Colleague: 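Pasting a structure here, questions to come.
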2 protein chains.
Amino acid sequence: MQYIKIMEAINEQIDAGLLTAGNKLPAERKLAESFNTTRITLRESLALLESEGKLYREDRRGWFVSPEPLRYDPTLTTNFSSMATDQGRVARSELLDAKLVPASRRAASLLSVSPFTEVYRIDRLRFLDERPVMVVTNFILPEYFPNLLELDVTTSLTDTYREHYNTLYAKTRYRVSTTSLLGETAQALRATAGSPAMFIERLNYDQHGRMIDCDLEYWRHDALSIESVATLSKG
Amino acid sequence: MQYIKIMEAINEQIDAGLLTAGNKLPAERKLAESFNTTRITLRESLALLESEGKLYREDRRGWFVSPEPLRYDPTLTTNFSSMATDQGRVARSELLDAKLVPASRRAASLLSVSPFTEVYRIDRLRFLDERPVMVVTNFILPEYFPNLLELDVTTSLTDTYREHYNTLYAKTRYRVSTTSLLGETAQALRATAGSPAMFIERLNYDQHGRMIDCDLEYWRHDALSIESVATLSKG
DNA sequence: GAGTGGTCTAGACCACACG
DNA sequence: GTGTGGTCTAGACCACTCA
């Protein structure tokens with residue numbers, strides 16, 4: 001159980017403040033040497049700290065100490081940007097793509113439309129304090145948002161809906177699970193293939209109770225903690 | 001990227017139904033041989049499938065195909081047992097421990113009491129279809145539940161509160177994050193140290209708005225998906 | 001008792017990041 | 001160009017599970 005001991009040793013350095021948020025760890029070979037072990041064993045320790053959310057990896061760049069997670073309340077309309085600002089963080093988004101496409105199987109099933117129905121698809125990469133932390137794909141029903149792509153979609157969707165279509169988010173159905181990052185998603189987040197991730201699926205309804213769009217969000221799992229308050233109802 | 005290909009190959013077998021929920025995979029050495037690789041590389045593929053929630057490990061027993069996750073709605077009072085039953089699953093709980101203890105640092109901070117204040121601590125292990133999936137620790141404020149430990153605490157706390165203390169859960173504040181299983185928690189869940197997990201912290205209030213207890217839940221991360229509906233309010 | 005998974009060693013090559 | 005992380009090889013020993 002050597003790798004547990006190494007994990008604890010690194011953990012202590014983080015808790016003691018010797019390694020602070022954003023710091024890069026020494027090279028794996030150096031760490032392995034200083035703990036008198038091999039790279040494989042050392043990497044086991046690092047993977048453990050990664051899955052606890054204490055460290056994260058940037059593909060081929062090394063290991064870093066994780067900053068505080070963003071507190072995410074799925075029951076607030078607050079968008080990503082104001083959520084971050086409210087918590088004293090700096091948010092930024094990059095538009096990856098925006099186009100009209102035939103609904104993917106997953107999107108069709110979520111939005112209850114037949115496969116290949118045309119929907120808007122908007123892909124964004126979200127940064128928190130200049131670290132890429134989330135990739136989100138929105139599938140939007142065009143019937144409620146004619147000519148959406150002619151507007152400025154680089155800003156908040158919430159704002160665009162409100163300002164141009166008099167539409168508000170009123171209800172959301174969400175699902176949270178864990179998964180791992182692969183392919184383009186991993187690349188966009190500068191993550192190594194297989195990094196642990198949180199997956200959040202949201203299905204959104206407007207003030208008239210109509211389903212208007214859905215979100216598929218892939219988060220670096222150390223970057224968020226989901227927090228909310230609920231008034232309980234009987235199941 | 002051999003390990004990605006192996007992962008995909010195993011994935012296909014699961015999707016094709018050749019491997020179904022609960023099935024044990026062949027021995028690592030045999031799998032490695034049949035994929036013409038080493039155990040280390042093969043284990044990388046398996047770890048990937050584990051973090052996607054497709055496979056899980058039982059410590060020293062091998063790799064198994066994950067069953068469907070339990071849908072968990074934090075806004076329902078529904079307890080573990082009825083949640084499972086409602087979804088056609090079989091639930092069982094084992095009482096690990098129940099005693100009066102000085103509040104741990106974490107418990108004290110959650111319950112807003114001074115450290116070392118005495119609180120009830122109840123530890124349970126929850127099974128889903130005979131698979132251990134969650135370890136939960138309850139810290140309970142004794143002032144609202146005198147002589148709690150003299151009652152039958154092997155059953156549902158919700159029921160005990162209602163039947164003996166006329167107390168209902170009315171509001172909950174919850175936080176979800178990811179972590180990994182270590183030590184006793186891992187052992188209780190028959191998991192290898194370092195297995196990925198979901199951590200759910202709940203702070204519960206009764207019908208008079210009084211904070212009455214808190215839960216700390218460690219879930220095998222493939223065993224649940226958090227799902228809920230929220231009416232949105234402005235942040 | 002045989003075989004398994006958990007853990008560890010001691011290397012290697014490559015493509016990429018970074019200076 | 002140097003060094004890094006990503007990936008992979010080919011073993012080994014041990015403690016445990018299970019038949």
Side-chain angles (χ1 to χ4, degrees), chain A residues 1-10 22-51 55-65 130-132 180-183 186-196 220, chain B residues 1-10 22-51 55-65 130-132 180-183 186-196 220:
Chain A
M1 308 289 268
Q2 187 178 347
Y3 73 94
I4 301 263
K5 292 211 167 63
I6 296 174
M7 179 273 280
E8 285 166 350
I10 298 175
N23 278 181
K24 183 178 183 311
L25 268 65
E28 292 180 359
R29 286 170 179 81
K30 284 183 186 156
L31 277 175
E33 194 185 359
S34 75
F35 284 110
N36 226 322
T37 185
T38 57
R39 257 181 88 205
I40 297 229
T41 300
L42 174 83
R43 280 168 66 87
E44 200 124 356
S45 306
L46 294 174
L48 208 52
L49 287 157
E50 181 184 36
S51 79
L55 296 183
Y56 69 96
R57 252 197 287 191
E58 293 211 354
D59 195 44
R60 289 170 195 287
R61 253 170 290 247
W63 297 83
F64 300 82
V65 178
E130 288 309 312
R131 172 187 173 211
S180 63
L181 299 172
L182 292 172
Q187 269 181 43
L189 292 171
R190 288 187 213 143
T192 308
S195 301
R220 291 200 72 133
Chain B
M1 308 289 269
Q2 186 177 348
Y3 73 94
I4 302 266
K5 291 211 170 63
I6 296 173
M7 179 272 279
E8 286 166 351
I10 298 175
N23 279 181
K24 185 177 181 310
L25 268 65
E28 292 181 358
R29 287 171 178 82
K30 284 183 185 156
L31 277 175
E33 193 185 0
S34 75
F35 285 110
N36 225 323
T37 185
T38 57
R39 258 181 87 204
I40 297 231
T41 300
L42 174 83
R43 279 168 67 86
E44 199 124 358
S45 306
L46 295 174
L48 208 52
L49 288 158
E50 181 185 37
S51 81
L55 296 182
Y56 68 97
R57 252 195 288 189
E58 294 210 354
D59 195 43
R60 288 170 197 287
R61 252 169 289 247
W63 297 83
F64 301 82
V65 178
E130 288 310 311
R131 173 187 172 210
S180 61
L181 298 172
L182 292 173
Q187 269 181 44
L189 292 171
R190 290 188 213 142
T192 308
S195 302
R220 292 199 73 134

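All values derive from a computational prediction rather than experimental measurement. Sequence lines set the chain letters: A, B, ... in the order given, protein chains first and strands last, and positions in each chain run from 1.
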Colleague: Can you tell me if Lys30(B) touches the phosphate of dT4(C), counting only side-chain N or O atoms and a distance under 4.0 Å to OP1 or OP2?
Modeller: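 Result: yes.
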
Colleague: Which value, rounded to the nearest 0.5 Å, describes the distance between Gln2(B) atom CD and Thr37(B) atom OG1?
Modeller: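 Separation between the atoms: 4.0 Å.
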
Colleague: dT4(D) P sits how many Å from Leu31(A) CG, rounded?
Modeller: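 Those two atoms, CG and P, are 11 Å apart.
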
Colleague: Using a 4.5 Å cut-off on heavy atoms from C-beta on, say whether the side chain of Arg131(B) contacts that of Tyr56(B).
Modeller: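 Of all side-chain heavy-atom pairs linking Arg131(B) with Tyr56(B), at least one is under 4.5 Å.
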
Colleague: Just the rounded figure in Å: distance from P of dC16(D) to CD of Gln187(B).
Modeller: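 The distance from CD of Gln187(B) to P of dC16(D) comes to 10 Å, rounded to the nearest Å.
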
Colleague: If the condition is side-chain contact (heavy atoms from CB on, under 4.5 Å), which residues does Arg190(A) pass it with, not counting sequence neighbours?
Modeller: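 Counting only residues at least two positions away or on another chain, Arg190(A) forms a side-chain contact (heavy atoms from CB on, under 4.5 Å) with Glu58(A), Arg61(A), Phe127(A), Pro132(A).
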
Colleague: Taking only distance into account, with no hydrogens and no angle test, what donor-acceptor pairs under 3.5 Å do side-chain atoms of residues 42-49 of chain B form with protein atoms, sequence neighbours excluded?
Modeller:
residue  : atom : partner  : partner atom : Å
Arg43(B) : NH1  : Glu28(B) : OE1          : 3.1
Arg43(B) : NH1  : Glu28(B) : OE2          : 2.8
Ser45(B) : OG   : Tyr3(B)  : O            : 2.9

Colleague: In the structure I gave you, are the side-chain heavy atoms of Val65(A) and Leu25(A) within less than 4.5 Å of one another anywhere?
Modeller: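 Answer yes - side chains close enough.
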
Colleague: Please list, for nucleotides 6-8 of chain D, all pairs of protein and nucleotide N/O atoms separated by less than 3.5 Å.
Modeller:
residue : atom : partner   : partner atom : Å
dG6(D)  : OP1  : Thr192(A) : OG1          : 2.9
dG6(D)  : OP2  : Arg43(A)  : NH1          : 2.8
dG6(D)  : OP2  : Arg57(A)  : NH1          : 3.4
dG6(D)  : N7   : Arg39(A)  : NH2          : 2.8
dG6(D)  : O6   : Arg39(A)  : NH1          : 3.1
dT7(D)  : OP1  : Tyr3(B)   : OH           : 3.1
dT7(D)  : OP2  : Tyr3(B)   : OH           : 2.9
dC8(D)  : OP1  : Met1(B)   : N            : 3.2
dC8(D)  : OP1  : Gln2(B)   : N            : 2.3
dC8(D)  : OP2  : Tyr3(B)   : N            : 3.4
dC8(D)  : O3'  : Gln2(B)   : OE1          : 3.4

Colleague: Counting C-beta onward and ignoring hydrogens, is there a side-chain heavy-atom pair between Trp63(B) and Glu50(B) closer than 4.5 Å?
Modeller: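 The answer is yes; the side chains approach within 4.5 Å.
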
Colleague: Can you check the Lys24(A) NZ to dG3(D) C1' distance for me, whole Å?
Modeller: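 Answer to the nearest Å: 10 Å.
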
Colleague: To the nearest angstrom, how far is Glu33(A) atom CD from dT9(C) atom P?
Modeller: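 Rounding to the nearest Å, CD of Glu33(A) and P of dT9(C) are 14 Å apart.
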
Colleague: Rounded off to whole Å, could you give me the CZ-to-C1' distance for the Arg190(B) and dG5(C) pair?
Modeller: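 Between C1' of dG5(C) and CZ of Arg190(B): 16 Å.
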
